[in-house]
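Here is the naming used below: chain letters follow the sequence lines, and residue numbers restart at 1 for every chain.
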Amino acid sequence: MTTTAPRQNARDVSRAVSIDFDGVGRAFAPERGSGAARPVLRDIDLHVEPGEVVAILGTSGCGKSTLLRITAGLDAASAGRVRIDGSPVSGIDARTAVGFQEPRLLPWRTVHDNVALGLPRGTPRSEGAVRVEKLIDLVGLGEFAGHRPREISGGMAQRASLARALARNPGVLLLDEPFGALDALTRLKMQDLLLDILSAEPTTVLLVTHDVDEALQLADRVVLLARDEGGEPGATIAQLLTVPGARPRDRGSSELAELRASLLDGLGIDRHGDGRQPLASATAPRSL
Amino acid sequence: MTYQSERDERAPGVVSVQGASYDTTEARPGRAFLARGTGRLTSKTWFVLVAGAILPILALTTWTLVSANDLVPSSRLPSPADVWFAGVDLAERGLLASDVAISVQRVLLGFGIGAALGLSVGAIVGLSRIGDILLSPSLAALRAVPSLAWVPLLILWFKIGEDSKVILIAIGAFFPVYTTVSAALRHVDRQLVEAGRAFGLGGPRLFATVQLPAVIPSVISGLRLALAQAWLFLVAAELIASSMGLGFRLVDSQNNGRIDRIFFVIILLAVLGKLSDSLVGLFERWIKRRWT
Ligand SMILES: Nc1ncnc2c1ncn2[C@@H]1O[C@H](COP(=O)(O)OP(=O)(O)OP(=O)(O)O)[C@@H](O)[C@H]1O
Ligand SMILES: [Mg+2]
């Protein structure tokens with residue numbers, strides 16, 4: 001343990017890599033037969049520094065998962081390109097790990113073996129087992145390592161899925177609403193946990209969320225994806241905010257309150273009750 | 001998809017057992033609610049065995065009574081004892097062993113070949129779009145041919161030797177496996193496959209890690225169907241053209257008016273069929289422990 005720790009640290013520091021979005025757009029072919037392609041994303045330009053945490057906010061269906069899938073190489077952009085550490089993404093990249101919006105655990109494997117699926121290829125058996133156990137403990141599933149996914153709750157499955165993504169020791173961690181299915185209290189705990197893990201093993205993170213407070217708590221910068229009403233179809237970056245202050249942040253600070261107001265505004269939520277129909281409540285992520 | 005919905009059903013149960021604090025040490029493993037229902041009579045092994053034997057015992061008793069009271073002439077319905085002695089007689093002449101041996105050999109060979117082909121072709125069609133487009137129409141047409149229609153052709157091509165019978169049985173075993181495997185592979189949860197790909201799996205590794213375990217239950221039920229088909233086609237092949245085997249014994253007994261032997265062979269076929277099905281059942285349990 002003592003001899004491997006420094007080496008691992010050295011690898012950790014260097015493993016976080018940059019992400020570049022160069023004019024990324026995605027249009028989906030129409031469901032049936034003819035008709036024009038339906039643009040979902042357009043003109044996404046963004047540079048993410050190595051080790052930076054960027055939260056992606058946006059209303060449901062605006063293309064957050066699509067953007068993440070393109071970054072992971074699971075989907076291809078129809079315009080522009082994504083570069084990871086300078087090299088364009090084509091196909092699945094070994095340096096990225098994905099925590100999907102759904103847990104997507106293999107039902108016939110135990111929690112332990114599901115998490116082990118995330119280990120990079122060629123990890124020695126014993127080293128892998130130690131890492132998996134550590135991660136399972138971290139996400140609070142120690143007692144359930146031998147359980148099958150159907151024997152644990154939805155929130156527990158999502159934590160297992162997060163552990164699986166972390167097992168990869170990725171240079172880019174792509175998280176799609178990783179805490180969406182958790183109750184408010186567990187969610188706060190998991191946010192702190194993610195910060196702990198990131199300070200121990202820094203990596204670049206794209207975090208999709210519905211929750212403005214979560215974005216402000218976890219991210220260095222927040223990207224708001226939104227469509228232009230009456231403008232070009234397809235969502236693009238409507239706001240790009242830098243969140244001040246070192247993490248963990250005071251959840252009640254006034255500085256954050258201002259950013260929150262601006263983001264909620266961008267999400268189409270009216271805070272003053274001047275008669276405009278609110279689209280949804282940003283604090284109830286599932287309902288968006 | 002099935003797995004997803006299963007979990008969804010269960011999840012509320014887990015939460016209610018453990019309350020809100022499911023990430024603390026107080027949380028109890030979810031085993032408690034899995035034990036539900038073990039107290040029922042229908043889940044006791046002895047009850048299952050005894051209840052399953054009721055009908056055969058009733059049938060045997062009726063049969064004994066009917067033939068003991070000469071309600072049906074023995075040329076139509078031999079007594080259970082007659083059937084038993086017909087079996088002993090066949091065994092003493094050495095015919096029983098050779099008939100069973102050759103029939104089992106044909107079934108195993110034909111089933112093995114047919115199932116292996118069914119698995120591989122089913123995998124090609126179920127996994128690759130182009131394989132599906134190229135192969136499935138032709139295979140659907142071949143499946144539509146009533147299988148006994150192959151018999152004259154097989155006999156012309158391969159004579160009345162072993163080959164023609166094994167091939168016919170293989171044809172019979174192929175289609176259930178092919179159909180179930182290709183259909184099941186097409187319906188493997190796409191999200192799981194994508195998750196597998198996202199974690200660097202591809203090709204054979206992806207197949208072994210995600211697709212194969214996902215279709216194991218269907219593969220097994222396909223194998224069970226195929227085995228039943230194999231016995232069916234065995235008897236068909238042996239009835240039509242052979243000089244050995246259980247099917248041949250049936251025709252032979254029919255020609256010699258040995259109704260006791262016919263009864264004996266039919267019962268023997270039932271026992272062998274059930275036995276082989278149980279073997280597949282054991283295999284199913286073993287593979288489920290290993291894989292699921
Ligand atoms: N494979 C696909 N084919 C066609 N349309 C798709 C496909 N994937 C996504 N879309 C469309 O792209 C849009 C954005 O989907 P996406 O899943 O990225 O939304 P999202 O922002 O993640 O929403 P949510 O917050 O509800 O998860 C949707 O309108 C969806 O219908
Ligand atoms: Mg999404």
Side-chain angles (χ1 to χ4, degrees), chain A residues 68-69 72-75 91-109 113-114 116-122 139-157 159 161 164-165 167-168 170 174 181-186 189-190 193, chain B residues 1-36 188-203 205-206 208-217 287-292:
Chain A
L68 227 55
R69 287 166 43 80
L74 292 168
D75 192 8
I92 314 303
D93 200 301
R95 289 165 305 179
T96 60
V98 194
F100 291 98
Q101 194 164 355
E102 316 78 19
R104 303 197 190 184
L105 302 174
L106 301 179
W108 51 86
R109 288 192 172 204
D113 291 351
N114 264 295
L117 191 72
L119 291 170
R121 189 97 63 95
V139 296
L141 291 178
E143 268 186 84
F144 298 88
H147 281 57
R148 297 284 162 80
R150 68 180 152 77
E151 299 165 356
I152 61 179
S153 73
M156 292 158 86
R159 285 183 275 156
S161 160
R164 177 177 63 182
R168 204 155 184 74
L174 305 171
L182 303 181
D183 62 278
L185 188 68
T186 314
K189 278 197 214 162
M190 293 302 293
L193 170 71
Chain B
M1 282 159 280
T2 9
Y3 296 110
Q4 185 68 44
S5 63
E6 237 174 88
R7 179 171 51 224
D8 287 351
E9 284 161 23
R10 284 232 127 114
V14 185
V15 176
S16 69
V17 167
Q18 291 152 195
S21 56
Y22 48 58
D23 65 333
T24 69
T25 42
E26 302 149 27
R28 253 167 294 147
R31 225 175 285 123
F33 63 92
L34 289 180
R36 169 177 65 196
V188 173
D189 188 344
R190 287 202 191 157
Q191 296 200 327
L192 286 186
V193 176
E194 191 185 68
R197 285 206 298 129
F199 285 99
L201 300 175
R205 285 168 56 90
L206 183 65
T209 315
V210 180
Q211 281 130 334
L212 185 61
V215 300
I216 284 283
I287 211 147
K288 274 198 170 147
R289 261 206 310 277
R290 231 188 98 94
W291 236 313
T292 65

B:Ala195 versus A:Phe100, closest heavy-atom pair with distance: CA-CE1, 3.6 Å
Can you name the closest pair of heavy atoms from A:Leu117 and B:Leu201 and give their distance? CD1-CD1, 3.9 Å
Going through the checks in order, is the side chain to side chain contact (heavy atoms under 4.5 Å, CB included) test met by B:Asp189 and A:Arg104? CA-CA 9 Å; B:Asp189 188 344; A:Arg104 303 197 190 184; over 6 Å; no
Partners meeting side-chain hydrogen bond (donor to acceptor under 3.5 Å, both in side chains) with B:Arg197 (sequence neighbours left out): none
So which atom in A:Trp108 and which in B:Thr209 form the shortest heavy-atom distance, rounded to 0.1 Å? CZ2-O, 3.3 Å
Given a strict heavy-atom distance threshold of 4.5 Å, which part of A:Ile92 is in contact with chain B: side chain, backbone, both, or neither? side chain
Contacts of A:Asp113 meeting salt bridge (charged side-chain N to carboxylate O under 4.0 Å, His left out) (sequence neighbours excluded), chain-then-number -> none
Which is it for B:Phe199 and A:Arg164 under the side chain to side chain contact (heavy atoms under 4.5 Å, CB included) test, yes or no, and what are the steps along the way? CA-CA 9 Å; B:Phe199 285 99; A:Arg164 177 177 63 182; 3.4 Å; yes
